[in-house]
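See structure below.
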Amino acid sequence: MLVYPSGIDLSSRSLQHLSGLLAGHRRQIGSRWRRLTCGRQAVLVLAHLRCGNTYARLAAGFRVGIATVHRYIREAVDLLAALAPTLEQAIMTVRKKAYVILDGTVLPIDRIAADRPYYSGKKKHHGMNVQVLADPAGRLIWASGALPGAVHDLTAARTHGIPAALAAGDVMCWADRAYQGAGPAVRVPFRGKNLRGWRRRHNRDHAKIRSLGERAIATLKCWRLLRKLRCSTTRITAVVRAVVALELAV
């Protein structure tokens, strides 16, 4: 396979953070020698997460085996995922802010038509449902574990305990119509197409606030691996949490 130099649109802080994490892990487990240094392993992992490079391409570019690439990526993803904030930690963070924005997205996966639990009727493709919390400026605060794409946003939010956590933390939340009935802590727009007067103005102002939450989802999807996931569905939660940990670390 031909190889060529390429670039990753990340700052050196991401590389330093991940390589330091890997170095500490190697010392902890007593790893003496590996084909790649911590820095090179970090570059390999970032190329996979940020650029979506396949194992075969990475193996050719770094001159290692595909099994080694798989092992390096899995190790780094698990280390990063363990650093991602829990929902309770996220609620403690947003309590210092005026409000929080809740939104959901469906990350595309490579599944066939027979896999009905993963098919999203809203997005018209197979995927995994991920709930996202953003601050008033649209910055990513927290992302949930991944559920099958057929799961509705309201059901996903309740499964993760988001409405209950918001109510317990006395945090006001803004969300779209999909979260109708989530509870008093979650504000949603009025239903209907021909609204007039103050209801129409309320929905317009609500949309201006809630639209900033799209920035958090866009931040996730800047990591090209999340635009088309080809790994096992049981690994997607770890991948999402690893991305969140990297975003919050830098």
Side-chain angles (χ1 to χ4, degrees), residues 17 21 49 76-107 109 117-118 120 122 127-188 209-223 225-226 229 231-250:
H17 174 71
L21 189 64
L49 295 175
V77 165
D78 288 343
L79 289 173
L80 288 168
L83 299 179
T86 63
L87 179 58
E88 291 74 18
Q89 292 170 334
I91 294 298
M92 292 298 295
T93 299
V94 300
R95 288 185 67 181
K96 304 174 184 178
K97 304 181 183 296
Y99 57 87
V100 68
I101 303 170
L102 171 63
D103 204 354
T105 186
V106 177
L107 303 176
I109 60 175
Y118 299 99
S120 170
K122 178 181 179 181
M128 299 293 285
N129 184 303
V130 174
Q131 301 295 300
V132 174
L133 290 178
D135 68 7
R139 291 184 290 264
L140 179 65
I141 295 176
W142 174 82
S144 72
L147 295 175
V151 177
H152 190 271
D153 280 339
L154 178 57
T155 303
R158 286 173 172 167
T159 300
H160 297 301
I162 299 173
L166 292 171
D170 195 23
V171 177
M172 186 56 64
C173 174
W174 298 78
D176 59 25
R177 291 184 180 91
Y179 298 91
Q180 192 86 31
V186 182
R187 293 188 176 183
V188 297
I209 296 173
R210 185 185 55 79
S211 62
L212 293 176
E214 296 292 338
R215 294 181 182 178
I217 293 177
T219 298
L220 279 182
K221 293 188 176 180
C222 282
W223 298 79
L225 182 66
L226 299 182
L229 287 154
C231 61
S232 168
T233 55
T234 60
R235 292 292 301 166
I236 294 176
T237 292
V239 171
V240 172
R241 288 177 176 168
V243 168
V244 172
L246 281 170
E247 283 289 342
L248 297 181
V250 297

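Excluded from the calculations below are hydrogen atoms, water molecules and symmetry mates; all remaining heavy atoms, backbone and side chain alike, are included.
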In terms of heavy-atom contacts, P117 and P148 come closest through O-CB, 3.0 Å
Please report the interatomic distance CG(L248) to CG(L140), rounded to the nearest 0.5 Å. 5.5 Å
Which value, rounded to the nearest 0.5 Å, describes the distance between L133 atom CG and C173 atom SG? 6.5 Å
Check the pair I109, Y118 against side-chain contact (heavy atoms from CB on, under 4.5 Å), reporting the backbone distance first and the verdict last. CA-CA 8 Å; I109 60 175; Y118 299 99; 3.9 Å; yes
Work out which heavy atom in A178 is nearest to a heavy atom in L154; give both atom names and the distance. O-CB, 3.4 Å
Working note: T233 + M128, criterion side-chain contact (heavy atoms from CB on, under 4.5 Å); need CA distance, chi angles, decisive distance, verdict. CA-CA 8 Å; T233 55; M128 299 293 285; 4.1 Å; yes
Rounded to the nearest 0.5 Å, the SG atom of C231 sits from the CD1 atom of I236 at a distance of 5.0 Å
Looking at L225, N129, V239, L229, which hits side chain to side chain contact (heavy atoms under 4.5 Å, CB included) with L107? L229
Nearest heavy atoms of P136 and K97, plus distance in Å: CD-CD, 3.9 Å
So which atom in G104 and which in D153 form the shortest heavy-atom distance, rounded to 0.1 Å? CA-OD1, 4.0 Å
Under the side-chain contact (heavy atoms from CB on, under 4.5 Å) rule, what do R187 and Y99 come out as? Steps first, then yes or no, please. CA-CA 10 Å; R187 293 188 176 183; Y99 57 87; over 6 Å; no
Salt bridge (charged side-chain N to carboxylate O under 4.0 Å, His left out) filter on D135, not counting sequence neighbours, yields R139
Validate the cation-pi geometry between R210 and W174: distance from NZ or CZ to the six-membered ring centre under 6.0 Å, angle to the ring axis within 45°. no
Excluding sequence neighbours, so at least two apart, what forms salt bridge (charged side-chain N to carboxylate O under 4.0 Å, His left out) with R235? D78
Distance-minimising heavy-atom pair for V132 and A216: CG1-CB, 3.7 Å
Taking atom CE as the centre, does M92 end up with more than 12 heavy-atom neighbours from other residues, nucleotides or ligands that are less than 6.0 angstrom away? no
Would you compute the distance between atom CZ of R158 and atom OG1 of T155 and round it to the nearest 0.5 angstrom? 7.0 Å
Begin with the C-alpha distance, continue with both residues' side-chain angles, and end with the deciding distance and a verdict on side-chain contact (heavy atoms from CB on, under 4.5 Å) for V188 and D176. CA-CA 5 Å; V188 297; D176 59 25; over 6 Å; no
Looking at R95, I'd like to know if its CZ atom is crowded, meaning that more than 12 non-hydrogen atoms belonging to other residues, nucleotides or ligands lie closer than 6.0 Å. no
What is the minimum heavy-atom distance between A143 and V240, and which atoms define it? CB-CG1, 3.9 Å
Just verifying a value: how many Å separate L102 CG and I141 CD1, rounded to the nearest 0.5 Å? 11.0 Å
In chain order, what residues pass the side-chain hydrogen bond (donor to acceptor under 3.5 Å, both in side chains) check against K221, with sequence neighbours excluded? T105
So do the side chains of M172 and V186 get within less than 4.5 Å of each other, counting heavy atoms only? no
To the nearest 0.5 Å, tell me how far S211 OG sits from D103 CG. 10.5 Å
Any side-chain donor near an acceptor of the partner, W142 and Q131, under 3.5 Å: no
Please tell me if the side chains of L80 and R241 come closer than 4.5 Å, counting only heavy atoms from C-beta onward. no
